[in-house]
Colleague: 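Quick one: this structure, given as structure tokens, is what I'll be asking you about.
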Amino acid sequence: MNGFSLSEFCCLFCCPPLPGRIAAKLAFLPPEPTYSFVLDEKSSKFNLVLATEAEWQYYARELEQIDVFFTRSSRGNRIACMYVRACPDPEFTILFSHGNAVDLGHMSSFYLGLGSKINCNIFSYDYSGYGVSSGKPSEKNLYADIDAAWQALRSHYGISPEKVILYGQSIGTVPTVDLASRYEVGAVILHSPLMSGMRVAFSNIKRTWFFDAFPSIEKVPKITSPVLVIHGTEDEIIDFSHGLAMYERCPKAVEPLWLEGAGHNDVELYGQYLERLKQFIRVDLASQSSTSTSSSS
């Protein structure tokens, strides 16, 4: 039975689990919120207030570079959004879908630092049930959440799709792939992506079953934008084989970044990570853009 125990086999194929249950088991670990949105009565805008657990690494004045607000998803949840003005003349805006067990407060310092280093502003959001977003985390909510964030980014800041890079990390690659399979954007970055929920739990599965959650491997061939895949070879949560398979299925994949010895949570600590992002934005995408211009003329 390809490495399955009898009980696992019976559970999977005689009484297949619902996708929502797979998602809940494998994916969602929302932390206690590390921030709040406080309404400024004078301006009718929200201010970001970070808890100690957010570990803000900059001066208080840098918080003024961050806009926060709520939007509403098609499933009725109130979604917390954050726009980080990391640089005055950005090359792109990154729509960042973060990993598990963190929220916008945890990610705020990282976003400001990353954006300033790669000359991009960063827009992010919290999934339903994370941070101060309402509702509960689920696969369907995940797709509705990124749709709401995408529409908010476009409507609030007037940024055109070709100037947006979709960035997904770990569980964040699930909504990222879904959105990228439906819209053409400037580019896509998949950081430690997973093929599907069942493949994370059972490495021997070779096909996508109808009850599988997060079937990104079936959606990634529909992405028409350039894709950079990043994965650590010693990833203990999502095996390196997932990143490799996703890369092989991307029609417009660029040279990937396989980080020798990196695990699931330390990819950003490797010098090659930042260098590859800079090269992707300033070289790979620039060459793609010039090629498209020449073809159209």
Colleague: In the structure I gave you, are the side-chain heavy atoms of Val185 and Trp150 within less than 4.5 Å of one another anywhere?
Modeller: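 Yes, close enough: below the 4.5 Å cut-off.
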Colleague: Tyr130 and Asp145: side-chain donor and acceptor closer than 3.5 Å?
Modeller: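 Asp145 and Tyr130 do not have a side-chain donor-acceptor pair below 3.5 Å.
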Colleague: Do His156 and Tyr83 have ring centres separated by under 6.0 Å?
Modeller: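 No; Tyr83 has its ring centre 6.0 Å or more from that of His156.
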Colleague: Please check if the side chain of Glu248 supplies one atom and the backbone of Ala245 the other of a donor-acceptor pair under 3.5 Å.
Modeller: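 No, because the side chain of Glu248 does not come within donor-acceptor range (under 3.5 Å) of the backbone of Ala245.
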Colleague: Do the side chains of Val283 and Val229 join up, straight or via other hydrophobic residues, at under 4.5 Å, putting them in one cluster?
Modeller: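 Val283 and Val229: separate clusters.
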Colleague: For the pair Phe240 and His231, name the ring-plane relationship: parallel under 30°, tilted 30 to 60°, perpendicular over 60°.
Modeller: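 Answer is perpendicular, since the angle exceeds 60°.
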Colleague: Assign the ring pair Phe214 / Phe28 to parallel, tilted or perpendicular, where the plane angle (0 to 90°) is split at 30° and 60°.
Modeller: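 Taking Phe28 first and then Phe214, their aromatic rings stand perpendicular (interplane angle over 60°).
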Colleague: Is the backbone N or O of Tyr273 less than 3.5 Å from a side-chain atom of Glu268, with the two atoms forming a donor-acceptor pair by type?
Modeller: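 No, Glu268 side chain to Tyr273 backbone: no donor-acceptor pair under 3.5 Å.
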Colleague: Take Val68 and Leu104, measure what side chain to side chain contact (heavy atoms under 4.5 Å, CB included) needs, and give me the verdict at the end.
Modeller: CA-CA 10 Å; Val68 292; Leu104 290 177; over 6 Å; no
Colleague: Using the ring of each side chain (for Trp, its six-membered ring), is His98 parallel, tilted or perpendicular to Tyr127, with breaks at 30° and 60°?
Modeller: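 Tilted: the ring planes of His98 and Tyr127 meet at 30° to 60°.
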Colleague: Students often mix this up, so state it plainly: with edges at 30° and 60°, are the rings of Tyr167 and Phe96 parallel, tilted or perpendicular?
Modeller: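 Ring orientation of Tyr167 relative to Phe96: parallel.
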Colleague: Measure from the side-chain N and O atoms of Arg154 to the backbone N and O of Gly158, and report whether any donor-acceptor pair falls under 3.5 Å.
Modeller: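 Flag not set: sc Arg154 to bb Gly158 has no pair under 3.5 Å.
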Colleague: Under 3.5 Å, is there a donor-acceptor pair between the side chain of Ser97 and the main chain of Thr176?
Modeller: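 Side chain of Ser97 to backbone of Thr176: no pair is present.
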Colleague: Taking the side chain as C-beta and beyond, is there a heavy-atom pair between Asp126 and Tyr35 under 4.5 Å?
Modeller: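 Side-chain contact under 4.5 Å: yes.
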Colleague: If you measure only the distance, is there a donor-acceptor pair under 3.5 Å linking the side chains of Asp67 and Tyr157?
Modeller: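 Yes - a donor-acceptor pair under 3.5 Å links their side chains.
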Colleague: Is it the case that the side chain of Asn119 and the backbone of Pro90 share a donor-acceptor pair, with hydrogens and angles ignored and the cut-off at 3.5 Å?
Modeller: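 Checked: no pair found.
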Colleague: Do Met195 and Arg249 have side chains that get closer than 4.5 Å, going by heavy atoms?
Modeller: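 They are not in side-chain contact.
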Colleague: Any side-chain heavy-atom pair from Lys252 and Val227 closer than 4.5 angstrom?
Modeller: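 No, every pair of side-chain atoms sits at 4.5 Å or beyond.
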Colleague: Would you say the side chain of Leu95 lies within less than 4.5 Å of the side chain of Leu179, judging by non-hydrogen atoms?
Modeller: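 Leu179 reaches Leu95 side chain to side chain.
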Colleague: Take a 6.0 Å sphere around NZ of Lys163 and say whether it holds more than 12 heavy atoms from other residues, nucleotides or ligands.
Modeller: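 More than 12 heavy atoms, drawn from other residues, nucleotides or ligands, come within 6.0 Å of this atom.
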Colleague: Which is it for Tyr111 and Ser124 under the side-chain hydrogen bond (donor to acceptor under 3.5 Å, both in side chains) test, yes or no, and what are the steps along the way?
Modeller: CA-CA 9 Å; Tyr111 289 155; Ser124 190; 2.8 Å; yes
Colleague: Are side-chain heavy atoms of Arg276 and Ile230 found at a separation under 4.5 Å?
Modeller: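 Sidechains of Ile230 and Arg276: no contact.
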Colleague: Are the side chain of Ser225 and the backbone of Gly186 linked by a donor-acceptor contact shorter than 3.5 Å?
Modeller: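 Pair absent, no side-chain N/O of Ser225 close to backbone of Gly186.
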Colleague: For Asp235 and Gly232, indicate whether the former's side chain and the latter's backbone hold a donor-acceptor pair under 3.5 Å.
Modeller: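 Looks like no, no N/O pair under 3.5 Å.
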Colleague: Supply the members, apart from Leu269, of the Ile/Leu/Val/Met/Phe/Trp/Tyr cluster built from side-chain contacts under 4.5 Å; use none for a lone residue.
Modeller: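 Same cluster as Leu269: nobody, lone residue.
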Colleague: Do Tyr125 and Phe123 have ring centres separated by under 6.0 Å?
Modeller: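 Ring-ring flag for Tyr125/Phe123: false, centres at least 6.0 Å apart.
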Colleague: Would you mind reporting whether Met246 and Ile217 have side-chain heavy atoms less than 4.5 Å apart?
Modeller: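 Yes, side chains in contact.
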Colleague: Taking only residues two or more places apart in sequence, or in another chain, which ones meet Asn77 in a side-chain contact (heavy atoms from CB on, under 4.5 Å)?
Modeller: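 Only Ser73, Ile79, Ser128, Ser134, Asn141 meet the side-chain contact (heavy atoms from CB on, under 4.5 Å) criterion with Asn77.
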Colleague: Strictly distance-based, threshold 3.5 Å: is any side-chain N or O of Arg85 a donor or acceptor partner for the main-chain N or O of Ile66?
Modeller: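 Judged by distance alone, no pair lies under 3.5 Å.
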Colleague: Would you check if the side chain of Asp103 reaches a backbone N or O of Thr34 as a donor-acceptor pair within less than 3.5 Å?
Modeller: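 At least one qualifying donor-acceptor pair exists.
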